[in-house]
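The residues of the chain are indexed from 1 along the displayed sequence. What you see is a predicted model; the values in this text were computed from it and never measured. Remember, it's 1-based here, ligands and their atoms both numbered in the order they're listed. Hydrogens, waters and symmetry mates play no part in the numbers below; they use all other heavy atoms, side chains included.
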Amino acid sequence: MMMEIRSRFKTYQVDFVDSLQSIQQLAAQKETYFVVDRIIYDLYRDVLSILPEQRLFLLEALEEYKTIDTALLICEQLTAMPSKRNTHLVSIGGGIVQDVTGFVATSIYRGIPWTFYPTTLLAACDSCIGGKSSLNYKKFKNLLGTFYPPDVINIYFPFFKTLSNRDYASGLGEVVKFNVIAGQNRFNAIEKDIDLVLAHDYAVLNKYVETSLYFKKTFIEEDEFDQGIRVLLNFAHTFGHAYEVSSHYAIPHGLAVAMGMITANNISVQRGFLTADYAERIERVCNKLLQFIDMDDKWFALDVILNAIHKDKKQIGNSITAVLIKREQTLEVFHNIQETEVELAIKHLLEKRV
Ligand SMILES: NC(=O)c1ccc[n+]([C@@H]2O[C@H](COP(=O)([O-])OP(=O)(O)OC[C@H]3O[C@@H](n4cnc5c(N)ncnc54)[C@H](O)[C@@H]3O)[C@@H](O)[C@H]2O)c1
Ligand SMILES: [Zn+2]
């Protein structure tokens, strides 16, 4: 698969690759600098040990390192490279590595070439395109950020074999979200295939990563800087972000999105936008992903959730804004979500595991 994405910065490319040979070729070029997830480096040492030590930064993929300090440390190392503006940044890892290296790639010398190898399913099916990068600052998650896509994204499926069940299911949370947004036919397909993808059937997964990226591509090409229709991709994220915050990030992003979908759809059912039957089918698929996490009731205290929602940078004013499914094929942004609706939806999320 080869896909091109048009962006204001450049046209960039996503490839599905069946070997990591290109990493060796990049390592042979003197102007490349590598930022690699430390766990990936240890797991794939047979390929990655050829990376020259003086052009390598190993990053611990923890939220507490997704900071400007880490970005500056990498910048400092890059200034030692003789190639300067021709320095080619290569990063290998999940969303944390992507966020840090995206920030570096856009900032240093006002932008340098960047190649990214996503190693988590979440990064491969969603975050690798769209160009967003964000860093945490003090207690604020994703406060600092820019838009700057990689030049090339190489997706190598065998990386997903070593993901924990939880991180693998987290990636599938975004896949399910894309297929729910895309309408009933697309949801029918993922509902039928979910057990196969959960069992790491990569022939089937391949199709879903590809269609997820194609689906996202239409939104980001039309609205790269998130001023219009791209907001619809934020479906399930108002609540998802709140659950990430209330669990202190014990719930990984994509699983929080799965919970956010159940919450948003319950509000759609309360409003008569969606049949209880269809919402329940979506919920059943989400719950297959949520089996990989123990849900702790204290993460769902109403006041904590409401507080987290009101602090979200995407909220405007005092009311609650969220994207809801209005009918099976249409999504709409609502600014009038009531706290009582959220309360009922959280209750539903906790008590009814279908
Ligand atoms: N920029 C965006 O558009 C965007 C979108 C969504 C999420 N994010 C950010 O992405 C981050 C989450 O990223 P993520 O879910 O991709 O995971 P991650 O980068 O947090 O990695 C999760 C864990 O998996 C490990 N890991 C990574 N690849 C592995 C592999 N192939 N085998 C074994 N272990 C592996 C990592 O070391 C880490 O322990 C969050 O910080 C979130 O804010 C960014
Ligand atoms: Zn997301």
| field | Pair Ser7, Glu224: side-chain N/O donor-acceptor within cut-off below 3.5 Å | value | yes

| query | Which bit of Lys66 is near ligand 1, meaning a heavy atom under 4.0 Å away: side chain, backbone, both or neither? | reply | side chain

| task | Check side-chain hydrogen bond (donor to acceptor under 3.5 Å, both in side chains) between Lys84 and all other residues, then give those that pass, not counting sequence neighbours. | result |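 Expected list: none.
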
Hey, is ligand 1 close enough to [X] that some N/O pair sits below 3.5 Å?
{"X": "Val97", "answer": "no"}
{"X": "His253", "answer": "no"}
{"X": "Ile96", "answer": "yes"}
{"X": "Thr119", "answer": "yes"}
{"X": "Glu63", "answer": "yes"}
{"X": "Ser134", "answer": "no"}

Suppose we measure from [atom] to each protein heavy atom; which comes out shortest, and what is that distance?
{"atom": "atom 35 (C) of ligand 1", "answer": "Leu163 CD2, 3.8 Å"}
{"atom": "atom 33 (C) of ligand 1", "answer": "Thr162 O, 3.1 Å"}
{"atom": "atom 15 (O) of ligand 1", "answer": "Leu122 CD2, 3.5 Å"}
{"atom": "atom 14 (P) of ligand 1", "answer": "Gly95 N, 3.5 Å"}
{"atom": "atom 17 (O) of ligand 1", "answer": "Thr120 CG2, 3.7 Å"}
{"atom": "atom 4 (C) of ligand 1", "answer": "Ser127 CB, 3.5 Å"}
{"atom": "atom 8 (N) of ligand 1", "answer": "Asp99 OD2, 4.0 Å"}

| query | Hey, are Lys207 and Asp193 close enough for a salt bridge, meaning a charged N less than 4.0 Å from a carboxylate O? | reply |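 The answer is yes: the pair qualifies as a salt bridge.
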
| message | I'd like to know whether ligand 1 has Lys141 as a neighbour, heavy-atom separation below 4.0 Å. | response | yes

| query | Numbering the atoms of ligand 1 from 1, which are under 4.0 Å from a heavy atom of Ile39? | reply |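 With Ile39 as reference, the close atoms of ligand 1 come out as 34 (N), 37 (O), 39 (O).
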
| note | If we number the atoms of ligand 1 from 1 as shown, the ones under 4.0 Å from a heavy atom of Asn142 are 43 (O)

| field | Of the listed options Leu255, Asp167, Asp37, Ile40, closest to atom 22 (C) of ligand 1 (non-hydrogen atoms) | value |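 Among Leu255, Asp167, Asp37, Ile40, the closest heavy atom to atom 22 (C) of ligand 1 comes from Asp167.
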
| said: Return all protein N, O or S atoms below 2.8 Å from the Zn ion (ligand 2), chain by chain in residue order. | reply: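 Per the 2.8 Å query on the Zn ion (ligand 2), atoms found are Glu174 OE2, His237 NE2, His253 NE2.
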
| message | Counting only heavy atoms not in Asp294 (residues, nucleotides, ligands), do more than 12 fall under 6.0 Å from its CG? | response | no

